[in-house]
Number of protein chains: 2
Amino acid sequence: MNDDIREMLERHGVTPSFHRMKIYEYLLTHRTHPSAEEIHMDIVREIPTLSKTTVYNTMKVFLAKGLVTAVTIEEDEVRYDAYTSFHAHFKCLACGKVYDIDKATSSPHAESLAGRTIQGHRVTEVHLYLRGICRICAKGGLKKSNLKRI
Amino acid sequence: MNDDIREMLERHGVTPSFHRMKIYEYLLTHRTHPSAEEIHMDIVREIPTLSKTTVYNTMKVFLAKGLVTAVTIEEDEVRYDAYTSFHAHFKCLACGKVYDIDKATSSPHAESLAGRTIQGHRVTEVHLYLRGICRICAKGGLKKSNLKRI
DNA sequence: ATTACTGCAAATACTTTGCATACCG
DNA sequence: CGGTATGCAAAGTATTTGCAGTAAT
């Protein structure tokens, strides 16, 4: 497992430091589109020396090397996703949670926009963001406060 | 013209104050997805007393009443769009400019996601964001510095 | 030794909030 | 008069930057 992560980073031209491996592993095992804050808050419990600066530095490197994508469905913070193949994101306006939406269900055509030229503009990235009320909140469940990190 | 704007605000339940009318007029005539900063910077030249707080307050009211939509294609600031029917947005990674992409060209199906229930989630908003190199930058034109407000 | 990863603290940028004042019906 | 729009200044939050220390090749 550890070797898989090391190899993944190396394959993308990222020096596999201890911290970077931990952060990447965290992203692989927490597919909740965490923010830099959340990534740091969780990992620092295990590695108390980890600084938020390193998280920001690392995310910048991962982004540049294509190891993660930035999800800007929020208006005030960037979230990160290590699952880089195309899929849509849904944000619940009640509880704030961000869900993955598989592309077949949502918009099978959106993905094909990447690589095309549209109205003269060369498209390299496609992001499909949906908002609304999630399945749990629709049933009367979950309040925003429930989402706060434990 | 002024009366059209007044009526538009009233129809959406927004008290048509002088500032609000100016801001809404600005949004109608500047379809460049301006940020709060840009809106303020431009209008303050004509109305020196306008504060940035009022711009933020006004945008919050406009959003709540559905007069504008928020474009969160940027990672660090919210842009506003008075053209509220569905269309995609394209951001040039070279010059930073945000373009409108009409829905027929981009993704005729995306719009129909609104109102539907997808994977159990009730969808109320759909945003399609594209990024890449715009037609002007592709031709070797425009640098980022050219975009800075005059 | 040289390069580059890390982390603290300060700085920056966008936005919100508290509160006093001014405007309008 | 009473509600609300406005604006200043301060606070808050996410992120970046400068720079010194540290690890690794």
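Letters A, B, ... mirror the listed sequences (proteins, then strands); counts begin at 1.
- Separating the CG atom of B/Leu63 from the P atom of C/dT15 is a distance of 11 Å, rounded to the nearest angstrom.
- Using a cut-off of 4.0 Å between Lys/Arg side-chain N and Asp/Glu carboxylate O, B/Lys52 and B/Glu37 are scored as salt-bridged.
- Whole-Å rounding puts the B/Ile39 CD1 to D/dT6 P distance at 14 Å.
- Between the P atom of C/dT15 and the CZ atom of B/Arg79 lies a distance of 10 Å, rounded to the nearest Å.
- Within the 4.0 angstrom heavy-atom criterion, only backbone atoms of the sugar-phosphate kind lie near A/Thr49; the bases stay farther away.
- Considering only side-chain N and O atoms, A/Tyr56 lies nowhere under 4.0 angstrom from the phosphate OP1 or OP2 of D/dT16.
- To the nearest angstrom, C1' of D/dA5 lies 18 Å from NZ of B/Lys22.
- OP1 and OP2 of C/dC23 both lie 4.0 Å or more from every side-chain N or O belonging to B/His19.
- Side-chain N/O atoms of A/Glu10 and A/His12 include no donor and acceptor closer than 3.5 Å.
- Residue B/Ser35 is out of contact with every strand shown, counting any heavy-atom pair closer than 4.0 Å.
- Checking C/dT15, C/dG7, C/dT6 against the side-chain heavy atoms of A/Thr53 singles out C/dG7 as nearest.
- Across the protein-nucleic acid pair, A/Arg20 atom CZ and C/dG7 atom C1' stand 14 Å apart, rounded to whole Å.
- For the pair A/Met41 CE and D/dA14 C1', the interatomic distance rounds to 13 Å; values are reported in whole Å.
- At a threshold of 4.5 Å between non-hydrogen side-chain atoms, the residues A/Leu27 and A/Tyr83 do not count as touching.
- Relative to the side chain of B/Ser51, the nucleotides D/dG7, C/dG7, C/dT6 differ in distance, and D/dG7 lies closest.
- Proximity note for B/Thr15 (side chain, C-beta onward) versus C/dC14, C/dT17, D/dA5: the nearest is D/dA5.
- Defined by atom type and a distance below 3.5 Å, a donor-acceptor pair is present between the side-chain atoms of A/Asp102 and B/Gln119.
- Ring to ring, B/Phe62 and B/Tyr80 are not that close: their centroids are 6.0 angstrom or more apart.
- For the pair B/Met59 CE and C/dT15 P, the interatomic distance rounds to 11 Å; values are reported in whole Å.
- The distance from atom CZ of B/Phe18 to atom P of C/dA22 is 19 Å, rounded to the nearest whole Å.
- Checking D/dG7, C/dT16, C/dG7 against the side-chain heavy atoms of A/Asn57 singles out C/dG7 as nearest.
- Closest contact between the side chain of B/Ser17 and the listed nucleotides D/dT15, D/dA5, D/dG7 involves D/dA5.
- The residue among B/Glu75 and B/Val61 whose nearest nucleotide of DNA chain D is located toward the 5' end is B/Val61.
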